[in-house]
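When a ligand or atom number is given, it counts from 1 through the structure's own listing order.
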Amino acid sequence: MKSLVVANWKMNPQTFREAKQLFEATRRAAESVRSVSLVVAPPALYLRELKRAYKGRKISLAAQNAHAAGSGAYTGELSLTQVQDAGASYVLIGHAERRAAGEGNDDVRKKVAAALSTRLAPILCVGEATRSPRGEHFLYVAEQLQAGFADVLPGKANRVIVAYEPVWAIGTQKSMTPADMHEMAIFIRKTVQGKGHNGLAIKILYGGSIDERNAHDMIERGDVNGLLVGRASTEAKKFADLLEALHES
Ligand code: 13P
């Protein structure tokens, strides 16, 4: 089974010229890594031109966000249809940085359902801010999953990819251990199963301080189908090393 690696560039790089260079370096690094399917999530502004210039099939594109409404008076927003039309095949929904900016479970619920009515594959991001010895973080993640899947029709759940990104591991040096991820992956599958879907069919990604040193181990032992990578995906050399590390798996 191929691993799915999603490169979330966040609000980088600052010019389209640099974006093209980073994409080109990423493309070169990805081409030989047969065990990986790659998705690049650039700022939406760059989607159409990157899509136009890229002739291969190895890399797909994702939007980092989109609005649940089909169209209308939403200044500054982009619709799911617009990002799909610009070239995206995936859309991140409920990333921790968007939740920190005010996006709630209810917005996430609407966005996941709306994405499923397009051809986009939603990547539903969940994850707790802190862990407690009593395991309250499991309840927190369960609530996020329940909201995310609330309006998903039974036959469509396996189009939803769950990205588990604990907030405490994003942008730090502190990645989660594969053993803890394995435990969380079981919990995610059980929770999705409890909503009447096939939990075993759900693809799960891990994100949070993944780089060339820990990527391989997480794929091997974390019970995940792939990775959601922030910082390391915006440094061409680091990302090439990361992909190379997965090549060996
Ligand atoms: P980092 O890889 O920089 O920790 O970011 C993770 C993330 O938020 C990816 O979506």
Side-chain angles (χ1 to χ4, degrees), residues 3-14 19 22-23 26 29-30 36-44 46-47 59-66 83 88-103 108 111-112 115 120-131 137 140-141 144 148 160-178 180-181 184-185 188 203-219 222 224-246:
S3 308
L4 184 69
V5 175
V6 182
N8 179 9
W9 289 0
K10 306 191 179 183
M11 204 166 69
N12 305 294
Q14 294 312 299
L22 178 59
F23 189 86
T26 301
V36 167
S37 293
L38 186 62
V39 177
V40 173
Y46 301 153
L47 279 171
I59 305 177
S60 305
L61 296 176
Q64 298 174 12
N65 176 45
V83 296
S89 311
Y90 296 80
V91 58
L92 298 183
I93 294 177
H95 188 279
E97 286 149 15
R98 297 209 50 84
R99 291 183 190 258
E103 193 162 311
V108 170
K111 289 184 182 195
V112 171
L120 294 163
I123 302 177
L124 164 63
C125 303
V126 298
E128 77 284 355
T130 53
R131 299 212 128 198
H137 47 278
Y140 188 82
V141 171
Q144 291 182 321
V160 182
I161 298 166
V162 174
Y164 173 68
E165 293 205 300
V167 177
W168 50 265
I170 298 177
T172 63
Q173 299 299 327
K174 216 168 49 185
S175 175
M176 177 136 144
T177 66
D180 282 348
M181 182 61 231
M184 182 54 83
I188 290 169
K203 279 206 178 94
I204 300 176
L205 312 180
Y206 167 80
S209 294
I210 282 292
D211 61 20
E212 72 285 4
R213 290 165 301 184
N214 55 20
H216 175 88
D217 220 23
M218 187 56 94
I219 292 283
V224 291
N225 306 91
L227 303 167
L228 181 48
V229 186
R231 280 158 302 165
S233 73
T234 58
E235 293 175 44
K237 166 81 173 81
K238 237 179 149 39
F239 198 56
D241 289 349
L242 186 158
L243 291 172
E244 185 58 33
L246 296 182

Original post:
If you measure from CG on L205 to CE on M181, what distance do you get to the nearest 0.5 Å?
Top reply: 9.0 Å
Pairs under 3.5 angstrom only: tabulate donor-acceptor contacts from the side chains of residues 4-12 to other protein residues two or more places apart or in another chain.
residue: N8; atom: OD1; partner: K10; partner atom: N; Å: 3.0
residue: K10; atom: NZ; partner: E97; partner atom: OE2; Å: 2.8
residue: N12; atom: ND2; partner: W9; partner atom: O; Å: 3.0

Original post:
Is there a donor-acceptor contact under 3.5 Å from the side chain of R99 to the main chain of V126?
Top reply: no
Original post:
Touching ligand 1 at all, G171? Heavy atoms, strictly under 4.0 Å?
Top reply: yes
**OP:** Could you list the residues that satisfy ring-ring contact (aromatic ring centres under 6.0 Å, His included) with Y90, not counting sequence neighbours?
**Re:** none
Original post:
After noting the C-alpha distance and the side-chain angles of E128 and Y164, does the key distance pass the side-chain hydrogen bond (donor to acceptor under 3.5 Å, both in side chains) rule?
Top reply: CA-CA 9 Å; E128 77 284 355; Y164 173 68; 2.8 Å; yes
Original post:
Hey, which atoms in ligand 1 end up nearer than 4.0 Å to a heavy atom of L228?
Top reply: 9 (C), 10 (O)
Original post:
Numbering the atoms of ligand 1 from 1, which are under 4.0 Å from a heavy atom of S209?
Top reply: 1 (P), 2 (O), 4 (O)
**OP:** Measure the distance from atom 2 (O) of ligand 1 to every protein heavy atom, then report the residue, atom name and distance (to 0.1 Å) of the closest one.
**Re:** G230 N, 2.9 Å
**OP:** Using a 4.0 Å heavy-atom cut-off, say whether N8 meets ligand 1 through its side chain, its backbone, both or neither.
**Re:** side chain
Original post:
Tell me: protein heavy atom nearest atom 3 (O) of ligand 1, and distance?
Top reply: R231 NE, 2.7 Å
Subject >> Between E165 and H95: side-chain donor-acceptor atoms closer than 3.5 Å >> reply: yes
Original post:
Which residue supplies the protein heavy atom nearest to atom 7 (C) of ligand 1, what is that atom called, and how far is it?
Top reply: E165 OE2, 2.9 Å
**OP:** Drop me the distance from R98's CZ to C125's SG, to the nearest 0.5 angstrom.
**Re:** 11.0 Å
Subject >> atom 10 (O) of ligand 1: nearest protein contact (heavy atom, Å) >> reply: H95 NE2, 2.8 Å
**OP:** Note the single closest protein heavy atom to atom 5 (O) of ligand 1, along with its residue, its atom name and the distance in Å.
**Re:** K10 NZ, 3.2 Å
